[in-house]
Amino acid sequence: DYGVRSHEWAYGDVEKAIIAEPILETSDGGPLLDAKLHVFDGVVRLIQIGLRRRDEKTGLLHAAGTVYLNPDWSVSEVRRAKDNPAVAPEKPVFFDEIHGIAETLGAGFDYLRADFLLMGDTFRIGETTLYTSSGMKPFASKEVDRLFGDFWTLPSMDDIRSGALHARRTAVQNAQS
């Protein structure tokens with residue numbers, strides 16, 4: 001059970017299923033980019049770009065490097081402990097669009113990660129998650145961990161107990177629909 005293995009309780013009641021998706025590629029066969037936009041309180045604070053390359057023998061995609069960027073597309077000092085650093089790719093022409101989508105999805109949540117697959121001149125929305133790596137994957141240093149944590153504003157216990165947090169999220173989601 002993924003929810004138990006990953007310590008992500010919300011996945012515990014998800015019905016098990018197999019999902020098959022078409023293979024997505026760039027029109028020129030270039031590398032795919034996996035963009036993960038880290039949204040705190042509805043604001044993109046950090047962009048994680050993972051370079052994916054296809055293995056010529058197996059045809060499978062594998063990670064080829066990761067770079068963290070600030071919202072202005074400059075390279076950030078954030079790194080995970082086991083990252084294979086990559087060079088920052090050129091900023092996509094549709095970046096403002098995915099930035100806006102991520103902030104819309106993250107509105108009303110203290111944290112949300114919105115993932116996009118960048119394929120040359122187009123993109124696809126991937127997943128969203130409220131817990132990156134189950135909150136268990138370490139950063140490269142305590143300073144970087146603190147930098148990432150400083151983006152976070154946790155709700156007060158009074159808001160949680162009173163249901164105000166749920167009411168605020170519901171209001172945001174209703175306004176979006």
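Side-chain atoms are counted along with the backbone in the values below, which use heavy atoms only and exclude waters and symmetry mates.
One distance of note links CD1 of Ile47 with NZ of Lys36; it measures 13.5 Å at 0.5 Å rounding. Asp115 CG to Leu118 CG: the interatomic distance, rounded to the nearest 0.5 Å, is 10.5 Å. Between the CZ atom in Arg45 and the CG atom in Leu37 there is a gap of 13.0 Å [rounded to 0.5 Å]. Between the CZ atom in Phe116 and the CD1 atom in Ile101 there is a gap of 5.0 Å [rounded to 0.5 Å]. For the atom pair OH of Tyr68 and CG of Leu147, the computed distance is 12.0 Å after rounding to the nearest 0.5 Å. Note that CG of Leu117 is 12.0 Å distant from CD of Glu127, once rounded to the nearest 0.5 Å.
Counting only heavy atoms from C-beta outward, the side chains of Leu112 and Leu130 approach each other to under 4.5 Å. Within the 4.5 Å cutoff, the side chain of Phe151 has no heavy atoms near those of the Val43 side chain. Side-chain contact between Phe123 and Glu97: present, with at least one pair of heavy atoms (C-beta onward) separated by less than 4.5 Å. A 4.5 Å side-chain heavy-atom check between Trp73 and Pro92 finds at least one atom pair inside the cut-off.
Of the possible polar contacts, one joining the Glu103 side chain to the Val44 backbone as a donor-acceptor pair under 3.5 Å is found. Side chain of Asn70 to backbone of Asp72: no donor-acceptor contact under 3.5 angstrom is found.
Ring geometry for Phe40 against Trp152 counts as perpendicular: the plane angle is over 60°, on a 0 to 90° scale with 30° as the lower cut.
Closest approach of Ile49 and Pro89 over heavy atoms only: CG2-CG, 3.9 Å. Scanning all heavy atoms of the two residues, the minimum distance from Asp110 to Thr153 falls at CB-O, 3.6 Å. Across Ala88 and Leu69, no two heavy atoms sit closer than the pair CB-CD2, 3.8 Å. The minimum heavy-atom distance between Thr129 and Tyr111, with the atom names listed, is O-CE2, 4.3 Å.
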